[in-house]
Amino acid sequence: MKFIYIAAALALCLTGCSSVKAKPETKAEQSRKPAPDFALKDADGKQVKLSDYRGKVVLLNFWATWCGPCKIEIPWFTDFEQKYKSQNFAVLGVSMDEDGWDSVKPFLSQNKINYRVVIGTEQIAQLYGEVDSLPTSFLIDRAGRVAAVHVGLVSKSDYINDIQDLLKAPVPPSGGILVEPAAFRAK
Amino acid sequence: MSLPLFAQSNNVLTIAPPEPVKAKAGAPVQLKVALSLREGYHCNSNKPSDEYLIPLKLTWAAGPLEAPEVVYPAPQMEKYSFSDKPLSVYTGNFELVTKFKVAASATPGQAMVSGKLRYQSCTDRMCLPPKTLDVTVPVDIIK
């Protein structure tokens with residue numbers, strides 16, 4: 001009988017807990033490391049530098065067209081781009097497809113992706129250190145520092161919590177500070 | 001040119017050391033490659049469900065055995081949390097069979113047949129980059 005009460009209490013707690021807003025998983029400011037800068041070309045051949053995004057919160061998503069779990073996240077990221085763009089937020093996709101634009105361009109048009117996508121390189125994947133599997137996403141704060149890393153498929157609410165937390169920070173007057181890759185690697 | 005974008009370090013698919021095969025000059029011969037995928041992982045079959053998915057593919061280099069015909073096992077149709085429809089995959093232990101012809105003029109003696117196995121694996125939450133493994137089978141050609 002006692003077991004039934006405990007089980008019922010646990011069930012009630014779990015039901016209730018599911019509606020409680022989870023805490024963001026962003027790191028404390030003092031433990032954030034600068035995101036390595038890079039320059040890559042987008043589908044239109046225009047150069048995209050991470051440092052162009054200074055002052056913005058950036059969701060940097062490493063993905064590939066062959067990655068099933070990545071495809072779940074893409075509509076979320078499209079929503080985020082639309083919803084938070086006015087608050088100085090941007091999604092930047094880094095495709096790790098070996099054949100580059102041959103696969104990615106048709107995929108972009110089929111999936112109506114509204115954020116910028118570049119083709120990644122082995123060097124960029126190494127610079128970010130934790131890109132052994134896809135999807136891997138880095139949330140970069142307004143100061144150009146890595147505030148959170150999500151490896152594998154996580155829930156949409158995890159991203160929302162992190163993004164909303166990072167958007168609370170004021171835009172730095174001089175924009176964000178991004179450093180050269182070497183500085184990031186010297187841990 | 002296609003370059004690997006990730007370090008090829010994650011080995012979730014293992015190839016059992018192949019048994020040496022006796023092959024008679026002028027006759028057909030079969031080579032079996034036994035594969036084992038780590039629990040919780042799947043790889044796409046040789047005919048994936050989606051045009052963007054990377055198929056499992058075994059190819060053989062030219063050698064004393066000719067006209068390879070690879071026979072892939074029947075795939076499993078599995079449903080994953082990230083896909084609306086079941087995917088054509090392999091999981092666990094499975095075997096690839098290759099049917100060769102041995103040239104009548106093949107020189108008797110020991111030879112090695114080498115190939116490449118390309119695959120791409122995932123769990124239900126993440127994917128590993130495509131990987132290519134070397135496959136080598138010792139063959140004893142007899143008259």
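Chain A is the first sequence line, chain B the second, and so forth, proteins listed ahead of strands; every chain is numbered from 1.
Atom CD of B/E66 sits in a crowded spot, with more than 12 heavy atoms from other residues, nucleotides or ligands closer than 6.0 Å. Heavy-atom contacts from other residues, nucleotides or ligands closer than 6.0 Å to NZ of A/K49 number 12 or fewer. Around atom NZ of A/K41, no more than 12 heavy atoms belonging to other residues, nucleotides or ligands sit under 6.0 Å away. More than 12 heavy atoms of other residues, nucleotides or ligands lie within 6.0 Å of CD in A/Q47, so this atom counts as buried by the packing criterion.
Between A/L153 and B/D124, the shortest heavy-atom distance links the atoms CD2-O, 4.4 Å. Among all heavy-atom pairs drawn from A/I72 and B/F82, the shortest one is CD1-O, 3.3 Å. Counting all heavy atoms, side chain and backbone alike, B/R125 lies closest to A/V154 at NH2-CA, 3.8 Å. The nearest pair of heavy atoms linking B/P129 to A/W66 is CA-CH2, 3.5 Å. When all heavy atoms are compared, the tightest approach of B/M126 to A/S133 is SD-CB, 3.5 Å.
Summarising the geometry, atom CD belonging to A/E98 is positioned 10.0 Å from atom CD belonging to B/Q120; distances are rounded to the nearest 0.5 Å. Distance check: A/D99 CG to B/I54 CD1 gives 8.0 Å after rounding to the nearest 0.5 Å.
Neither the backbone nor the side chain of B/N44 comes within contact range of chain A; no heavy atoms are under 4.5 Å apart.
Counting heavy atoms from C-beta outward, A/C67 and B/C122 have side chains that stay 4.5 Å or more apart.
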